[in-house]
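Everything below concerns the one structure shown next.
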Amino acid sequence: MPRLGQSLEVGGNRTKASGVQVADEVCRIFYDMKVRKCSTPEEIKKRKKAVIFCLSADKKCIIVEEGKEILVGDVGVTITDPFKHFVGMLPEKDCRYALYDASFETKESRKEELMFFLWAPELAPLKSKMIYASSKDAIKKKFQGIKHECQANGPEDLNRACIAEKLGGSLIVAFEGCPV
Amino acid sequence: MSGGVYGGDEVGALVFDIGSFSVRAGYAGEDCPKVSLPALCPNPRAPLQASQSSRALSAQRKALMSGNVGVNPGGGLRALQDMAFSPVHAPLQADFPTTVGLLAAEEGGGLELEGEKEKKGKIFHIDTNALHVPRDGAEVMSPLKNGMIEDWECFRAILDHTYSKHVKSEPNLHPVLMSEAPWNTRAKREKLTELMFEQYNIPAFFLCKTAVLTAFANGRSTGLVLDSGATHTTAIPVHDGYVLQQGIVKSPLAGDFISMQCRELFQEMAIDIIPPYMIAAKEPVREGAPPNWKKKEKLPQVSKSWHNYMCNEVIQDFQASVLQVSDSPYDEQVAAQMPTVHYEMPNGYNTDYGAERLRIPEGLFDPSNVKGLSGNTMLGVGHVVTTSIGMCDIDIRPGLYGSVIVTGGNTLLQGFTDRLNRELSQKTPPSMRLKLIASNSTMERKFSPWIGGSILASLGTFQQMWISKQEYEEGGKQCVERKCP
C-alpha cells in the first residue's frame with residue numbers, strides 16, 4: 001500500500017494543517033514579483049502590482065484567480081488608486097489569499113515591499129474560512145522572505161492606516177503616493 | 001487526488017470533541033449541524049410525569065436541558081417552548097453529558113439495559129436518559145479532570161456508548177479526529193492514540209487542539225481564543241495555526257463557579273432546589289408563595305453526588321435563562337433598577353429576580369468582591385485575556401488584540417460579550433486595535449471546535465494528514481507527537 005503524505009515539516013513541528021497543495025504558477029508569480037530583474041520599461045509595465053489567489057474548484061489546490069490582478073503598467077493610467085482597486089477585487093462573501101506590492105515612504109527612503117494577505121470576511125461560509133485559514137501555512141511557506149503579512153476579516157481591516165501600521169508603524173509618511 | 005485508502009469525500013470520518021460538560025460527536029462533513037434548533041440527542045424521551053401542562057412543559061424543558069441544548073439566555077421559557085415544538089432534522093449528532101453515573105454493582109449479571117455498560121462489575125450509565133434515572137447508590141463521575149482525560153475506564157465506556165448507540169457502526173470503519181485541550185500532556189496523547197488504535201482498531205487518527213480548530217473556524221490562523229466553558233476560562237494565543245504554550249492562562253471562574261454562586265443565592269433566599277425526579281405532583285402557586293408539591297414515594301436511595309448533579313441541572317437552567325452580565329462594573333443602584341425576570345422552579349415556586357441577576361455573574365469579571373475568594377488572586381475574564389497576550393512576543397500582540405475569538409458555552413450569558421468588549425477596550429494599549437469576534441449563533445459558540453474538526457476531517461486534502469494504522473504500527477505511539485503538533 002503506497003505511503004501517503006510524507007511529513008512536510010522542515011526544521012519544525014509545523015505541518016500543512018489541511019494538506020492543500022500550491023500550484024506551480026503561484027510560486028512562479030511570487031518569484032517574479034519578488035525578484036526585480038533589470039528590465040525594460042515594457043517589462044516593468046507587465047509586472048504585477050497585485051495578484052489574488054483562490055482555491056481550485058475541487059478545493060485541493062491553491063491557484064491564481066483568473067483576471068484578478070493589477071499590473072504595474074495600469075497604475076496611473078487606468079487605475080488611480082491601486083490599493084482601493086485591489087480591495088475592490090476581493091469578494092465580499094468568500095475568502096482569498098493575495099500578494100500586493102506596496103510602495104511606501106519613510107522619512108529616509110522610498111520602498112517597495114511585498115505584502116501577503118489572508119482575506120477571510122465574516123460573511124464567508126464557515127467551510128471556506130476553515131479551509132483558507134488552515135491552508136495559509138501551505139501557501140505562505142512558498143513565499144519565502146515575505147516581510148509583511150496581514151490577516152483581514154473585513155473592509156475595516158483594510159484601510160490605509162492599518163496597512164501603513166503593518167508596514168512600519170509610525171515611520172511611514174506616505175503609502176502609494178498619498179500621505180498617511 | 002487519488003484519495004488513497006480513505007476514499008476522499010466518502011470518508012465517513014468521526015469527529016469527537018470531548019469537554020468537561022458534554023461530549024460532542026458526529027460525522028465529519030457538516031459545517032454546521034443542519035437543525036432548526038440546537039443539536040439534540042436523536043431520541044430525547046421527554047418523560048411526562050402527569051397530565052398537567054405546566055408539568056409537561058417543565059419535564060420537556062428538563063429533557064431538552066439535559067440534552068445540553070443551547071438555551072438562549074434571556075429567552076427563558078418561551079425560547080424553550082419554541083424549541084420543543086420544532087422538528088428536528090439533525091443527521092447524526094451526539095451531544096450528551098460527560099458526567100456518567102457509576103454503579104458499582106455486586107451482582108454483575110442481569111440485563112444489559114440501554115445506556116449501561118458492564119465493566120468488571122461496574123455499570124456505567126451514560127447519556128441523558130440513562131443518567132437521569134434515580135438509582136440506588138449510583139455515583140456520578142466524570143472521566144475528565146482539568147480538561148484532560150483522567151479516568152480511562154470511564155472514557156472508554158463513553159466511547160463504547162457513542163459507537164453503539166449513536167454511530168451504530170464498527171469503530172474500525174471510521175477514521176477518528178479528536179479535539180484535545182491545548183495543554184494536554186504528551187503521555188496522555190500517546191495513551192489516547194494507543195487506546196484508539198489498539199482497542200478500537202480505527203483505520204486512522206488525528207488529534208487537533210481545540211483552540212486551533214476554533215481559530216480556523218473563524219477564518220483566522222492568528223488570534224487569541226478565549227474559551228469559557230464549564231470548568232475553566234482560558235485564554236489561548238494561537239499564531240499561524242500553532243498554540244503558544246507559554247501564553248496560556250487558565251482561570252477556574254467559569255460555568256461551574258456561577259452555578260455555585262447561584263446555589264449560595266438560593267440558600268440565602270431559603271429556596272429549596274428540588275430536582276424534577278423527586279416531584280410527583282405540584283400545584284401552581286402565587287408568586288413568592290411557598291411551593292405546594294408532593295414528593296414521589298418510594299424513591300431509591302440516591303447518592304449525594306447524583307442528587308447534586310440533578311440539582312445542578314436545575315441551577316444551570318436558571319443560570320442560562322435568568323442571569324445577565326451588567327455592561328459596566330456592578331453598581332447596587334443601577335442593578336436595582338434593572339427589569340426583573342420571572343422564573344419558576346421545578347417544584348412550582350416562582351418569583352422575580354432583580355439585582356441578583358447581575359450580581360452573580362459579576363464574579364466572572366471582578367472576583368474581588370466574591371465571598372470565599374478574597375485573598376486568592378483570581379483573574380477576571382478581562383485580565384485573563386490581557387495577561388495571556390502580555391506573555392507573548394511584543395511583535396505579535398497587535399495580531400492577537402485584533403482577533404480575540406470568544407467561544408464556549410459560558411459566554412452565552414446575556415451581556416457577556418458586551419462587557420468583555422468594554423473591559424478590553426479599557427485595558428488595551430492605546431496603539432492597539434481591538435476586535436472581538438463572537439459568533440451570534442449558539443451552535444457555533446458551543447461547538448466551534450467540533451465544527452472546525454468536522455470541516456477539517458472532511459477535506460479531501462486532509463486525508464493524507466491522518467496517522468494511518470500502518471504508520472502507527474511502524475512508528476509506535478510516538479508518531480502522534482510528530483504528526484499532530
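Note on naming: letters A, B, ... go to the chains in the order of the sequence lines (proteins, then strands), and numbering restarts at 1 for each one.
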Review point. Tell me, do B:L224 and B:V385 make a side-chain contact under 4.5 Å, heavy atoms counted?
Key: yes
Point to revise | side chain to side chain contact (heavy atoms under 4.5 Å, CB included) between B:S179 and B:L213, intermediate numbers included | key: CA-CA 8 Å; B:S179 71; B:L213 290 172; 4.2 Å; yes
Review point. So do the side chains of A:L55 and A:I131 get within less than 4.5 Å of each other, counting heavy atoms only?
Key: yes
Practice item. Could you tell me the separation between the CD1 atom of A:I52 and the CD1 atom of A:I63, rounded to the nearest 0.5 Å? Key: 13.0 Å
Review point. Do B:T407 and B:S448 have side-chain N/O donor and acceptor atoms under 3.5 Å apart?
Key: yes
Check your understanding: In residues 83-120 of chain A, which residues are in contact with chain B at a heavy-atom separation under 4.5 Å?
Key -> A:L118, A:A120
Review point. Hey, which residues of residues 156-165 of chain A are touching chain B, say heavy atoms under 4.5 Å apart?
Key: A:E156, A:D157, A:C162
**Study point:** Ion pair B:D393/B:R397, N-O distance below 4.0 Å
**Key:** no
Revision key, fill the gap. For residues 143-154 of chain A against chain B, heavy atoms under 4.5 Å, the residues are A:E149, A:Q151, A:N153
Check your understanding: Does the pair A:K49 and A:E176 meet the rule for a salt bridge (Lys or Arg N to Asp or Glu O under 4.0 Å), with working shown?
Key -> CA-CA 11 Å; A:K49 177 85 175 157; A:E176 298 294 343; 3.1 Å; yes
**Study point:** A:K140 portion near chain B, given a 4.5 angstrom heavy-atom threshold
**Key:** side chain
Check your understanding: Taking it one step at a time, do B:R422 and B:D418 satisfy salt bridge (Lys or Arg N to Asp or Glu O under 4.0 Å)?
Key -> CA-CA 6 Å; B:R422 193 173 182 281; B:D418 291 330; over 6 Å; no
Check your understanding: Among side-chain atoms of B:R445 and B:S439, is any donor-acceptor pair under 3.5 angstrom?
Key -> no
Check your understanding: Is any NZ, NE, NH1 or NH2 atom of the basic residue among A:D32 and A:R28 found under 4.0 Å from an Asp or Glu carboxylate oxygen of the other?
Key -> yes
Check your understanding: Should B:T214 and B:D227 count as side-chain neighbours, where that means a heavy-atom distance under 4.5 Å?
Key -> no
Exercise for review: Please test B:H174 against B:I202 for side chain to side chain contact (heavy atoms under 4.5 Å, CB included), starting from the C-alpha separation and ending with a verdict.
Suggested key: CA-CA 6 Å; B:H174 305 278; B:I202 55 176; over 6 Å; no
**Study point:** With sequence neighbours excluded, residues passing side-chain contact (heavy atoms from CB on, under 4.5 Å) with B:N172
**Key:** B:E170, B:N201
Check your understanding: Can a salt bridge be assigned to the pair B:E190 and B:R186 using a cut-off of 4.0 Å between side-chain N and carboxylate O?
Key -> yes
Exercise for review: Select one option (side chain, backbone, both, neither) describing which atoms of A:K59 are under 4.5 Å from chain B's heavy atoms.
Suggested key: backbone
